[in-house]
Amino acid sequence: MKKKIFAALMASAMVLGMTACGSAPASGDGGSSSGDLIKVGIINNDPNESGYRTANDKDLQATFTKENGYDASFAYSLKNDEQIAAAQKFIQDGVDYLLLSAADTAGWDSVLQDAKDAGIRVILFDRTIDASEDLYEASIVSDMAKEGQTAVDWLSSQGLSEYNIIHIQGVMGSAAQQGRSGALDAAVESNDNWTLVTQQTAEWNAEKAQQIVQSVIDSGTSFNVIYAENDDMAKGAVAALDAAGISHGVGKDVIIMGFDCNKWALQELKDQNWNYDGQCNPFQSSYINDIIKKLEAGETLSEKTIIMDEKGFDATTITDDDVANYGI
């Protein structure tokens with residue numbers, strides 16, 4: 001019998017901050033006049049959320065500078081309502097562009113319509129949203145559903161007689177969580193020998209992931225796969241295994257799967273302590289910068305959505321070059 005145990009650890013984790021560099025008046029129609037800095041409001045998730053997010057924020061901070069022609073303000077939160085409040089403030093401040101990595105896919109129609117009415121152009125990065133395409137100029141994103149399917153296809157290829165899976169989810173409702181969870185849920189539904197021992201959110205947090213795995217160990221329930229939706233949660237899960245003396249990695253008791261391809265995580269694969277890591281590319285600022293330059297020049301964008309090219313890495317085939325070239 002398949003069994004699904006859904007338990008939510010919904011403790012909120014949030015950092016909301018605003019910083020600004022430079023100062024320049026925005027033009028009244030939402031476009032910057034010649035010689036002015038381009039005023040952008042950037043809404044992102046907490047940079048401390050994960051190694052991926054730290055790299056993503058650092059990339060944006062390095063590009064959107066006064067030296068590169070921008071007056072950039074940053075707001076951070078893991079909560080959708082707080083991100084929406086930040087967007088409303090940026091609209092009131094008269095930014096030229098609103099750059100958004102949404103905490104949740106839903107709830108953005110109204111505020112993005114306000115931005116459009118104010119002549120502010122919206123560019124999505126990292127995550128998709130459930131909103132009409134006419135409310136944003138472009139979307140530079142990972143294909144989270146493909147990330148999940150690639151990982152699940154790899155897991156299926158391992159040919160286990162039974163898949164007893166601890167599924168550790170990211171922030172519920174985020175595009176990353178939905179894509180990475182969706183593929184696994186579908187596989188469990190369609191395969192009688194796939195079982196979710198537990199399915200809980202650790203909200204991208206290593207300590208919470210460790211607690212989830214420890215509770216399963218304490219219950220005496222058997223498992224042989226940990227599917228963690230980011231590297232930090234996989235790291236926390238492994239800490240619980242190590243404390244209990246449970247082996248993990250290639251040829252060991254428990255298969256370890258993560259996402260994001262932090263350099264240290266890929267090294268865990270290379271050392272065969274983990275089994276799989278799915279890439280999620282954090283470096284989107286150059287794409288956004290190019291789009292803004294084209295829009296400022298009055299050009300028409302050739303495509304609305306840009307999908308980042310991403311890989312999945314197997315511990316038995318990963319190389320030192322892969323660690324060096326793809327680790328973040």
Side-chain angles (χ1 to χ4, degrees), residues 40-47 49-61 63-64 74-78 80 83-84 86-87 97-109 111-112 115-116 120-152 169-183 204 229-231 258-262 277-295 301-312 326 328:
V40 296
I42 303 174
I43 300 173
N44 206 346
N45 292 256
D46 178 7
E49 166 202 88
S50 63
Y52 169 89
R53 191 60 57 186
T54 301
N56 180 251
D57 180 58
K58 184 177 179 180
D59 180 50
L60 293 164
Q61 294 271 1
T63 294
F64 293 100
F74 294 80
Y76 304 103
S77 179
L78 290 171
N80 218 46
Q83 286 193 337
I84 289 171
Y97 291 87
L98 185 63
L99 313 184
L100 172 63
S101 178
D104 196 302
T105 57
W108 285 98
D109 297 78
V111 70
L112 295 192
K116 183 176 181 178
I120 296 168
R121 289 165 161 171
V122 176
I123 299 173
L124 308 181
F125 67 95
D126 175 46
R127 295 178 174 181
T128 58
I129 59 173
D130 296 328
S132 174
E133 287 191 354
D134 67 353
L135 296 179
Y136 57 88
E137 299 292 329
S139 177
I140 301 94
V141 295
S142 297
D143 187 337
M144 302 297 185
K146 183 178 178 181
E147 287 180 8
Q149 192 60 56
T150 300
V152 168
Q169 297 171 292
V171 172
M172 301 303 291
S174 67
Q177 177 273 316
Q178 290 181 346
R180 297 169 190 174
S181 291
W204 312 123
E229 292 183 0
N230 81 345
D231 289 340
F259 290 86
D260 288 351
C261 289
N262 287 278
D277 206 26
Q279 185 187 22
C280 192
N281 190 342
F283 304 115
Q284 294 131 16
S285 69
S286 63
Y287 293 87
I288 300 170
N289 182 55
D290 288 344
I291 288 169
I292 290 175
K293 298 304 185 190
K294 289 178 180 178
L295 292 173
L301 301 180
S302 59
E303 52 187 345
K304 191 86 168 184
T305 301
I306 299 171
I307 303 295
M308 311 292 287
D309 185 29
E310 296 170 335
K311 303 175 180 290
Y326 295 101
I328 62 174

Report yes if the side chains of [X] and [Y] come closer than 4.5 Å at any heavy-atom pair, otherwise no.
| X | Y | result |
| --- | --- | --- |
| I120 | Y97 | no |
| V122 | E137 | no |
| R121 | Y136 | no |
| Q284 | N56 | yes |
| F64 | I288 | yes |
| M144 | Q178 | no |
| R53 | W204 | no |
| I328 | T54 | no |

Test item: side-chain donor near acceptor, [X] and [Y], under 3.5 Å:
| X | Y | result |
| --- | --- | --- |
| N289 | T63 | no |
| W108 | D130 | no |
| S77 | Q83 | no |

Is K311 atom NZ crowded by more than 12 heavy atoms from other residues, nucleotides or ligands, each under 6.0 Å away?
no
How about D134: does its CG atom have over 12 heavy atoms from other parts shown lying under 6.0 Å from it?
yes
[X] side, atom [atom1]; [Y] side, atom [atom2] - distance, nearest 0.5 Å:
| X | Y | atom1 | atom2 | answer |
| --- | --- | --- | --- | --- |
| I140 | T305 | CD1 | OG1 | 9.0 Å |
| F259 | E310 | CZ | CD | 10.5 Å |
| N262 | D277 | CG | CG | 7.5 Å |
| S101 | I123 | OG | CD1 | 13.5 Å |
| I129 | S174 | CD1 | OG | 14.0 Å |
| L60 | I42 | CG | CD1 | 5.5 Å |

Is there a donor-acceptor contact under 3.5 Å from the side chain of [X] to the main chain of [Y]?
| X | Y | answer |
| --- | --- | --- |
| Q177 | G173 | yes |
| E133 | K304 | no |
| Q279 | C261 | no |
| Q149 | A183 | no |
| D104 | N80 | no |

Which heavy-atom pair separates [X] from [Y] by the least distance, and what is that distance?
| X | Y | answer |
| --- | --- | --- |
| A138 | L301 | CB-CD1, 4.0 Å |
| G170 | E229 | N-OE1, 3.0 Å |
| E147 | S142 | OE2-CB, 3.3 Å |
| V111 | A87 | CG2-CB, 3.9 Å |

If the threshold is 4.0 Å, N to carboxylate O, is there a salt bridge linking R180 and D260?
yes
Verify side-chain contact (heavy atoms from CB on, under 4.5 Å) between I306 and I291, making sure each step is shown before the conclusion.
CA-CA 11 Å; I306 299 171; I291 288 169; 4.1 Å; yes
For the side chain to side chain donor-acceptor pair (under 3.5 Å) test, which of N45, N230, D126, D57 pairs with Y52?
D126
Holding to salt bridge (Lys or Arg N to Asp or Glu O under 4.0 Å), I want the full list of residues that pass it with D231, two or more places apart in sequence or in another chain.
none
Within 45° of the axis and under 6.0 Å from the centre of the six-membered ring of F283, does NZ or CZ of K58 qualify?
no
Starting from the C-alpha separation in whole Å, work towards a yes-or-no answer on side-chain contact (heavy atoms from CB on, under 4.5 Å) for N281 and D309.
CA-CA 8 Å; N281 190 342; D309 185 29; over 6 Å; no
Apply the test side-chain contact (heavy atoms from CB on, under 4.5 Å) to residues E49 and L78: give CA-CA distance (whole Å), side-chain angles for both, the deciding distance (0.1 Å), then the verdict.
CA-CA 8 Å; E49 166 202 88; L78 290 171; 3.2 Å; yes
